[in-house]
Amino acid sequence: MKGSILLLLALLLAGCGGGLSLADATLLEEIRGYYFSVPEDHPARYAANHAAGFGPHSSRRLRYGFEADGVSVDQARQELLKLRADIRYGFAWQEVDKKIVIPKVHDFELGGQLAAPQWSKALRLTGGYAVNTREPVVSGMEWFFCYGERNFYFALKTVDPEIVIGTPLPHAGDAVELFLCPTRKRKVYREIIVNPAGTLYNALQAGNRYGRFITLVPDGGEPSAIRVATSRWEDGYLIEIAVPWRELPEYGRGNSPQPGEVIHLMPVRLEKAGEAPPVHYTPLALLYGGHNLQGYLEAHLE
């Protein structure tokens with residue numbers, strides 16, 4: 001699999017020919033260079049991976065000048081230009097310190113009101129950043145984190161004067177995504193999405209150097225004990241989530257985390273307004289999006 005993908009990239013992205021313009025040949029060669037040279041831990045690595053996703057197909061259309069699957073040569077060129085811009089943006093991105101410390105509490109039941117006393121002991125972050133931006137927005141968002149012997153706990157409380165419940169999947173409207181990755185090197189993580197109505201999406205994903213990510217266990221593909229509680233009011237909503245440790249990679253045999261251990265995570269608020277796609281917000285600046293493991297918070301367990 002790995003060898004065939006590398007061969008495909010080499011054949012489709014290397015050199016120039018087929019009547020390519022100098023600009024198009026330079027574009028293809030630059031993207032090829034990024035794919036093979038960007039280090040694994042570089043901020044731009046996630047975007048560079050896309051050269052092995054839609055990249056080869058767009059490259060072939062551009063190189064040989066044919067339309068396929070309803071995608072024109074010019075559309076393929078625009079896709080590749082955007083990919084190059086995304087990668088370059090990653091090179092200009094300056095990461096911030098994303099170390100946080102998460103308090104340990106006694107396990108508790110959710111109530112959808114932040115009423116449990118454990119929430120008062122949780123780490124609380126305020127405000128947020130639109131994904132791919134470095135300037136914070138004044139938005140009335142509060143993010144809460146704590147953990148117990150059996151569960152990891154998270155809550156989002158936010159102002160939202162126009163709550164949109166997405167269908168058929170929760171991330172089509174207002175919602176919160178929670179990405180939990182105990183060991184970033186192994187690139188296996190839990191993606192959880194909950195909307196203000198309490199609809200839950202839950203999948204086990206894996207980062208992949210030869211594309212964006214792959215789904216190991218789809219939503220509904222296995223029994224789950226993840227619990228959620230929500231509440232809504234006139235201009236906002238609250239979502240609480242409890243994730244059993246045993247549902248996360250590294251803790252599948254029921255072993256509890258130890259103080260001092262480090263996990264990686266990122267919550268993402270989705271705000272839907274009108275016909276446009278939801279805007280994504282995070283408590284600290286995040287490049288590209290929630291599946292970019294390199295941009296996650298480094299959470300030290302107290």
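Position 1 is the first residue of the sequence; numbering continues from there.
Distance alone, capped at 3.5 Å, is enough to place a donor-acceptor pair between the Gln294 side chain and the Asp41 backbone. Counting only distance, with no hydrogens or angles, the side chain of Asn202 and the backbone of Ala225 share no donor-acceptor pair below 3.5 Å. At distances below 3.5 Å, at least one donor-acceptor pair connects side-chain atoms of Gln258 with backbone N or O atoms of Ser256. Panel note: side chain Tyr153, backbone Phe108; a donor-acceptor pair is recorded below 3.5 Å. Tyr147 places no side-chain N or O within donor-acceptor distance of the main-chain N or O of Trp245, the cut-off being under 3.5 Å. Side chain of Asp107 to main chain of Asn151: a donor-acceptor pair is present (N/O by atom type, distance under 3.5 Å, no hydrogens or angles). A distance-only check finds no donor-acceptor pair linking the side chain of Thr215 to the backbone of Pro218 [under 3.5 Å]. Glu177 places no side-chain N or O within 3.5 Å of a backbone atom of Leu270 that could act as its donor or acceptor partner. For the pair Lys272 (side chain) and Ala175 (backbone), a donor-acceptor distance under 3.5 Å is absent. In this structure a side-chain-to-backbone donor-acceptor pair under 3.5 Å is missing from Thr133 to Tyr129.
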From CA spacing to verdict: side chain to side chain contact (heavy atoms under 4.5 Å, CB included), Leu293, Tyr189
CA-CA 9 Å; Leu293 301 178; Tyr189 58 100; 3.5 Å; yes

Before giving the answer on side chain to side chain contact (heavy atoms under 4.5 Å, CB included), spell out for Phe144 and Leu114 the whole-Å C-alpha distance, their side-chain angles and the decisive distance to 0.1 Å.
CA-CA 10 Å; Phe144 300 84; Leu114 288 179; 3.7 Å; yes

Tell me, with the steps shown, if Leu216 and Gln205 meet side chain to side chain contact (heavy atoms under 4.5 Å, CB included).
CA-CA 5 Å; Leu216 301 178; Gln205 316 282 23; over 6 Å; no

Verify salt bridge (Lys or Arg N to Asp or Glu O under 4.0 Å) between Glu29 and Arg63, making sure each step is shown before the conclusion.
CA-CA 11 Å; Glu29 184 63 24; Arg63 180 176 300 282; over 6 Å; no

Side chain to side chain contact (heavy atoms under 4.5 Å, CB included) for Trp119 and Leu110? Distances and angles first, verdict last.
CA-CA 10 Å; Trp119 287 121; Leu110 304 181; 4.1 Å; yes

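Hydrophobic clustering (side-chain heavy atoms under 4.5 Å, transitive across Ile, Leu, Val, Met, Phe, Trp, Tyr) groups Ile226 together with Leu180. Side-chain heavy atoms closer than 4.5 Å link hydrophobic residues (I, L, V, M, F, W, Y) into clusters, and following such links, possibly through other members, connects Leu284 to Leu156. Side-chain heavy atoms closer than 4.5 Å link hydrophobic residues (I, L, V, M, F, W, Y) into clusters, and following such links, possibly through other members, connects Phe154 to Leu301. Tyr201 and Val188 fall into different hydrophobic clusters, where Ile, Leu, Val, Met, Phe, Trp and Tyr side chains are chained together by heavy-atom contacts under 4.5 Å. At a threshold of 4.5 Å between side-chain heavy atoms, the hydrophobic network of Ile, Leu, Val, Met, Phe, Trp and Tyr places Leu287 and Val96 in two separate groups.
Ion pairing of Lys104 with Glu149 is present here, as a side-chain N (NZ or NE/NH1/NH2) and a carboxylate O approach within less than 4.0 Å. Salt-bridge check for Lys121 with Glu302: failed, with every basic side-chain N at 4.0 Å or more from each acidic carboxylate O.
Between Leu81 and Leu27, some side-chain heavy-atom pair lies under the 4.5 Å cut-off. By the 4.5 Å heavy-atom criterion applied to side chains, Leu265 and Phe152 are counted as neighbours. Side-chain contact between Leu80 and Gln78: absent, with no pair of heavy atoms (C-beta onward) separated by less than 4.5 Å. Between Val131 and Tyr281 there is no side-chain heavy-atom pair separated by less than 4.5 Å. Put simply, the side chain of Leu28 reaches to within 4.5 Å of the side chain of Ser59, judged on heavy atoms. Between Val176 and Ile241 the shortest side-chain heavy-atom distance falls below 4.5 Å. In this structure the side chain of Leu83 never reaches within 4.5 angstrom of the side chain of Glu79, judged on heavy atoms. Using a 4.5 Å heavy-atom cutoff, the side chains of Leu200 and Ile193 are not in contact.
Centroid-to-centroid, the aromatic rings of Tyr89 and Tyr288 stay 6.0 Å apart or farther. Aromatic ring centroids of His264 and Phe179 lie 6.0 Å or more apart.
Considering CE of Met266 and OH of Tyr296, their distance stands at 8.0 Å, rounded to 0.5 Å. Residue Glu142 holds its CD atom at 7.5 Å from OG1 of Thr126, rounded to the nearest 0.5 Å. For the atom pair CZ (Arg232) and CD1 (Ile239), the distance works out to 9.5 Å, reported to the nearest 0.5 Å. Between Leu169 atom CG and Thr199 atom OG1 the span is 9.5 Å, to the nearest 0.5 Å. Atom CG of Leu125 sits about 5.0 Å away from atom CZ of Phe145, to the nearest 0.5 Å. Atom CG of Asp235 is separated from atom CG of Asp160 by 8.5 Å, given to the nearest 0.5 angstrom.
Here the closest non-hydrogen pair linking Ile263 and Tyr251 is CG2-OH, 4.2 Å. Contact record, Lys157 with Leu238: CB-CD1, 3.9 Å, taken as the closest heavy-atom pair. Scanning both residues, Thr282 and Pro267, for their nearest heavy atoms gives CG2-O, 3.5 Å. Between Ala116 and Glu109, the shortest heavy-atom distance links the atoms CB-O, 4.4 Å. In this structure, Ala76 and Arg61 approach most closely via the heavy-atom pair CB-CB, 3.9 Å. Nearest approach of Ile31 to Ala51, heavy atoms of both residues: CG2-CB, 3.7 Å.
Counting non-hydrogen atoms of neighbouring residues, nucleotides and ligands closer than 6.0 angstrom, the CZ atom of Arg134 exceeds 12 such neighbours. Under a cut-off of 6.0 angstrom, the local environment of NZ in Lys98 is crowded, with over 12 non-hydrogen atoms contributed by other residues, nucleotides or ligands. Counting non-hydrogen atoms of other residues, nucleotides and ligands closer than 6.0 Å to NE2 of His300 gives a total above 12.
Judged by the 6.0 Å distance and 45° axis criteria, Arg269 is not positioned over the aromatic ring of Trp143. A cation-pi arrangement is present between Arg45 and Tyr35, with the terminal nitrogen or guanidinium carbon under 6.0 Å from the aromatic centre and inside a 45° cone about the axis.
Between Tyr46 and His50, the angle of the ring planes goes over 60°, which puts this pair in the perpendicular group of the 30/60° scheme. Between Tyr34 and Phe91, the two ring planes are tilted [angle within 30° to 60°].
Here the rule is salt bridge (Lys or Arg N to Asp or Glu O under 4.0 Å) with Glu40, and of Arg184, Lys185, Lys187 only Lys187 fits it.
Side chains of Ser224 and Glu247: a donor on one and an acceptor on the other come within 3.5 Å.
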